[in-house]
Structure formats: structure tokens, C-alpha cells
Amino acid sequence: MKAISHILAGPVLIATILRTGNGRPATPVRYHVQWSEIAVRLGAPAIAPVRYRQEAEAMAVLWATSRLAHAPTVHLLPR
């Protein structure tokens with residue numbers, strides 16, 4: 001697994017987007033949302049692996065902005 005990007009709410013890490021697979025038929029590329037411990041405690045949903053990086057990032061950012069309305073701006077940091 002390789003970290004692709006990080007989702008932050010202010011200075012706090014909310015999630016990391018991980019890439020698995022090498023693109024060959026037996027191991028297709030998939031992107032996973034790995035929630036931080038804080039996000040898990042706040043009830044972050046389990047998200048199935050998706051095919052596109054942008055989709056995984058969008059799901060994580062959507063959850064963070066809806067759940068953490070009082071937090072500072074949610075940032076996406078590419079790795």
C-alpha cells in the first residue's frame with residue numbers, strides 16, 4: 001500500500017488515501033480510505049475500495065465537511 005493523499009481538518013489528520021494493486025488483471029489498482037483514530041471515534045463510515053483516487057478523496061472530504069462543521073476548512077494534501 002502506498003499513501004497517495006491526506007485529508008486534514010485544520011492541523012488534524014482525518015484520513016489517508018491508500019493505493020493498492022499494480023494495474024495488472026490479477027491485481028487491479030484500488031484506492032482505500034484509511035480513517036485516522038479521531039475520525040473512527042467520530043463515527044467515520046467504512047468505505048469499500050474504489051477504482052478512482054478522486055472518488056475516494058471526495059467521499060472522505062464529504063464526510064469530514066458534513067461531520068466536522070465546526071472545524072476549520074478541510075484540506076486535501078497530495079503526496
Side-chain angles (χ1 to χ4, degrees):
M1 289 188 169
K2 179 181 177 187
I4 298 297
S5 56
H6 300 288
I7 313 298
L8 301 170
V12 179
L13 178 68
I14 299 299
T16 301
I17 307 302
L18 302 173
R19 179 185 187 267
T20 59
N22 62 12
R24 294 183 180 170
T27 56
V29 172
R30 293 289 183 245
Y31 296 92
H32 306 262
V33 177
Q34 180 181 22
W35 297 107
S36 68
E37 186 176 332
I38 292 171
V40 170
R41 288 182 182 187
L42 292 173
I47 297 176
V50 294
R51 190 174 193 182
Y52 301 104
R53 174 184 57 88
Q54 294 88 350
E55 186 179 2
E57 292 171 346
M59 287 190 279
V61 169
L62 179 64
W63 179 83
T65 55
S66 66
R67 181 74 172 130
L68 307 173
H70 63 283
T73 307
V74 175
H75 300 281
L76 171 65
L77 297 176
R79 189 123 171 111

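In what follows, residues are counted from 1 in the order of the sequence shown.
Taking hydrophobic clusters as Ile, Leu, Val, Met, Phe, Trp and Tyr residues chained together by side-chain heavy-atom distances below 4.5 Å, Ile7 does not share a cluster with Tyr52. A continuous path of ILVMFWY side-chain contacts below 4.5 Å connects Val40 to Val12, so both sit in one hydrophobic cluster. No continuous path of ILVMFWY side-chain contacts below 4.5 Å connects Val33 to Leu62, so the two sit in separate hydrophobic clusters. With hydrophobic clusters built from ILVMFWY side chains whose heavy atoms lie under 4.5 angstrom apart, Leu42 shares a cluster with Trp35.
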Checklist entry - Run the side chain to side chain contact (heavy atoms under 4.5 Å, CB included) check on Arg51 and Arg30 step by step: do they pass? => result CA-CA 5 Å; Arg51 190 174 193 182; Arg30 293 289 183 245; 3.6 Å; yes
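For the pair Leu18 and Ile4, the minimum side-chain heavy-atom distance is 4.5 Å or more.
One N or O on the side chain of Ser36 and one on the backbone of Leu13 form a donor-acceptor pair closer than 3.5 Å.
When every heavy atom of Tyr31 is checked against every heavy atom of Ala56, the shortest pair comes out as CB-CB, 4.1 Å. Summarising the geometry of Val29 relative to Gly23, their closest heavy-atom pair is CG2-N, 3.5 Å, with the distance given to 0.1 Å.
Of the candidates His32, His6, Gln34, His6 is the only one forming a side-chain hydrogen bond (donor to acceptor under 3.5 Å, both in side chains) with Thr16.
The CD1 atom of Ile17 lies 9.5 Å from the CZ atom of Arg53; values are rounded to the nearest 0.5 Å.
In this view, Ser66 satisfies the side chain to side chain donor-acceptor pair (under 3.5 Å) rule with no residue, not counting sequence neighbours.
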